[in-house]
Amino acid sequence: MNIARISYRTLLKTFNSPKSYINKYNYLGTSFSNHGSAVPLSTTKLRLKDEKVKLTFILHDGKRLETEANVGDTLLDVVVNNDLNIEGYGACEGTLTCSTCHVILKKKDYDKLPEEACEEERDMLDLAYGLTDTSRLGCQITLTKDMDGLEVTVPETINDARS
Amino acid sequence: MNFIKLVSIRNFSSSRNIPRVCIVGAGPAGFYAAMHITKNLPAVNVDIIEKLPVPFGLIRYGVAPDHPEVKNVINQFTKVAQQPNVNFYGNVTLGKDIRISQLRQHYDAVLLTYGAEEDKTLGIENEEADNIVAARRFVGWYNGLPSDKDLKIDLSGDTAAILGQGNVALDVARILLTPINELKSTDITDHALNALAESKIKEVYLIGRRGPLQVAFTIKELREQLKLSNCQTVWRNQDFEGVENMINDLPRPRKRLTELMLKSLNEYKSIPIHNDNKLFKPIFFRAPKKILVNSHKKITGIDLICNELQGNKLEEQKCVATANTEILNCSLAFRSIGYKCVKADDEIVFNSNGLVENSKGIVDNNSNTLAKLYVAGWLGTGPIGVILHTMGNAFQVAKVMCDDLKNKDCFTDKGGFEEIKKNYIKNSSPIVNWEGWERIDKYEIEQGKLRNKPREKVCSIEKMIDIAII
């Protein structure tokens with residue numbers, strides 16, 4: 001049931017949001033300096049989907065949401081598929097048009113990510129509250145086997161200056 | 001699991017000990033607040049009332065038709081509305097059908113989220129001349145807002161000027177400059193598509209009174225504009241004097257935005273202008289002084305005051321008018337300098353900024369007999385920011401509401417919408433519930449299919465009601 005749902009989502013994503021795939025492709029095309037970390041193609045993702053990793057979301061109030069996630073899923077997939085209670089997360093459903101899936105990584109994890117943020121991701125991050133040097137959008141982080149035990153912080157979505 | 005949850009809610013609602021919350025305005029602020037409240041209170045009834053027969057506010061009527069991804073948030077809002085303890089009551093107008101004091105009498109908490117629906121005016125000579133269009137109305141027109149469907153706009157000239165440099169201004173520019181074939185597959189209304197297909201507009205100016213370092217638009221929207229097919233961007237070199245020296249000290253978002261403008265400026269210098277291309281021309285340091293008109297009172301141009309920045313430090317710089325002026329010839333102009341809130345009900349008190357005065361969303365807490373009044377979204381924060389900012393504010397205010405309601409242990413004598421309907425709005429036009437909206441939604445999608453569009457919006461309130469009420 002769960003697997004069926006995931007592959008359906010992956011499929012949907014392939015058809016509905018070519019944008020993120022194009023961005024990844026662009027990234028491959030423009031930055032040869034980073035060729036050591038190959039970006040997985042979608043076929044790789046499907047093959048690896050039965051592999052699981054542990055993942056923890058730390059909310060701004062300190063609450064920890066620990067979950068098991070499929071390799072090949074994005075952090076946004078994990079939140080949606082596991083019905084994690086993170087309010088408002090992923091408003092645009094992974095199409096790089098909002099920054100509600102903003103997460104902050106530890107420096108060492110951030111540096112290890114196989115893909116750097118593309119321009120469009122940075123554009124959206126620029127609108128996020130509490131932007132840090134290790135901020136990413138959860139919809140753009142695809143889990144790999146070596147991310148087992150990853151912890152990410154979900155910052156608060158409000159800026160007190162506005163209230 | 002879901003079934004158990006549902007049953008427990010039903011059980012609760014049969015006792016009267018469950019708080020009733022009324023949210024006025026079914027836009028993003030209202031839905032995000034409803035999302036937080038229903039998630040964080042174990043038992044609650046939330047009624048969302050809306051002036052239009054249809055929900056989603058600016059997601060439906062503000063977000064540009066070529067930004068369908070942004071509208072995906074409707075899926076989250078739909079889940080909120082489909083919960084058994086949430087009701088949608090469309091075609092109910094605050095200030096006309098019901099008063100705030102009546103809502104406060106029949107609910108335990110009332111939240112105002114009806115936004116900012118008017119546009120700010122410039123206050124200059126001939127502003128009411130023919131073919132000066134409020135950007136807000138143009139947006140409403142191409143998005144099918146019933147009150148804007150008959151907007152008069154003449155697109156037969158070759159030059160348009162947009163006064164303002166925010167994201168709405170960029171939306172207007174992009175819709176005017178996008179090749180018509182690319183708009184055909186969006187949910188832009190047929191009347192707008194037909195008019196734009198005949199448009200002769202070739203040049204669009206985007207006029208700001210301040211400089212490149214102060215623009216209000218965001219980087220995503222600019223990048224999109226710069227990438228538009230069959231369109232070239234023409235900057236004024238002199239507007240960028242000294243900008244390059246400042247960028248290293250800017251915070252990251254402003255820095256990246258400025259870098260993108262500089263990059264485009266340098267590209268434009270090296271690429272010759274193609275005759276077939278449309279032109280996007282941002283100009284800075286110009287403020288409108290008056291609209292120039294012909295004998296028919298139709299716009300022929302804008303008299304612009306030349307501004308300059310004074311002060312050394314960026315944050316202290318002020319824009320000051322000089323004695324110089326410049327005339328820009330154009331046959332169409334848009335006013336896009338921001339929205340303002342309206343007093344839907346004369347019981348509402350505005351502060352000097354034209355917003356509902358509040359402290360962490362609490363507006364009025366001084367009555368023993370009436371429910372607490374709250375405000376969230378643009379009506380309380382001012383009409384700025386993207387959906388994320390509205391979301392954050394709505395969650396914050398909703399949290400305050402939840403805390404207040406949790407601290408109150410007894411809820412009695414509140415009749416909610418049933419009481420409102422019985423006492424006040426029984427004779428006015430029909431109320432459209434969520435099922436009614438679903439019928440409109442289905443109809444629009446069907447109509448869209450016939451035209452190879454995601455939907456064709458119904459633009460008449462009467463027709464919406466006809467479809468919704470069976």
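Fair warning: this is a prediction, and the values are worked out from it, not measured in the lab. Chain letters run A, B, ... following the sequence lines, proteins first, then strands; residues in each count from 1.
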Pair B/M391-A/T100, side chain to side chain contact (heavy atoms under 4.5 Å, CB included): steps then yes or no: CA-CA 9 Å; B/M391 179 183 94; A/T100 55; 3.8 Å; yes

Qualifying residues under ring-ring contact (aromatic ring centres under 6.0 Å, His included), relative to B/F31, sequence neighbours excluded: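 So B/F31 forms a ring-ring contact (aromatic ring centres under 6.0 Å, His included) with B/F56, B/F77.
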
Listed partners of A/H102 passing ring-ring contact (aromatic ring centres under 6.0 Å, His included), at least two apart: none

Residue part contacting chain A, namely of B/R223, when any heavy atom lies under 4.5 Å: side chain

Per-residue contact mode, B/H67 against chain A (heavy atom under 4.5 angstrom):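 For B/H67, neither part sits under 4.5 Å from chain A.
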
More than 12 heavy atoms from other groups under 6.0 Å of CG on A/D133: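 No - once you tally the heavy atoms of other residues, nucleotides and ligands closer than 6.0 Å, there are 12 at most.
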
More than 12 heavy atoms of other groups within 6.0 Å of B/K39 NZ: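 Result for NZ/B/K39: enclosed.
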
Gap separating the NZ atom of B/K71 from the OG1 atom of A/T97, nearest 0.5 angstrom: 11.5 Å

Interatomic spacing from CG in B/L388 to SG in A/C92 - rounded to 0.5 Å: 11.0 Å

Looking at every non-hydrogen atom in both residues, tell me the closest pair between [X] and [Y] and how far apart they are.
{"X": "B/Q76", "Y": "A/Y89", "answer": "NE2-O, 3.1 Å"}
{"X": "B/Y32", "Y": "A/G88", "answer": "CE2-CA, 4.4 Å"}
{"X": "B/R252", "Y": "A/T132", "answer": "NH1-O, 4.4 Å"}
{"X": "B/N72", "Y": "A/E93", "answer": "O-OE2, 3.5 Å"}

Option in B/I219, B/T218, B/V70 with maximal non-hydrogen atom pairs under 4.5 Å from chain A: B/I219

Under-4.0 Å salt bridge between B/K220 and A/D126: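 The answer is no: the pair does not qualify as a salt bridge.
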
A/E120 with B/R256: basic N within carboxylate O range, under 4.0 Å: no

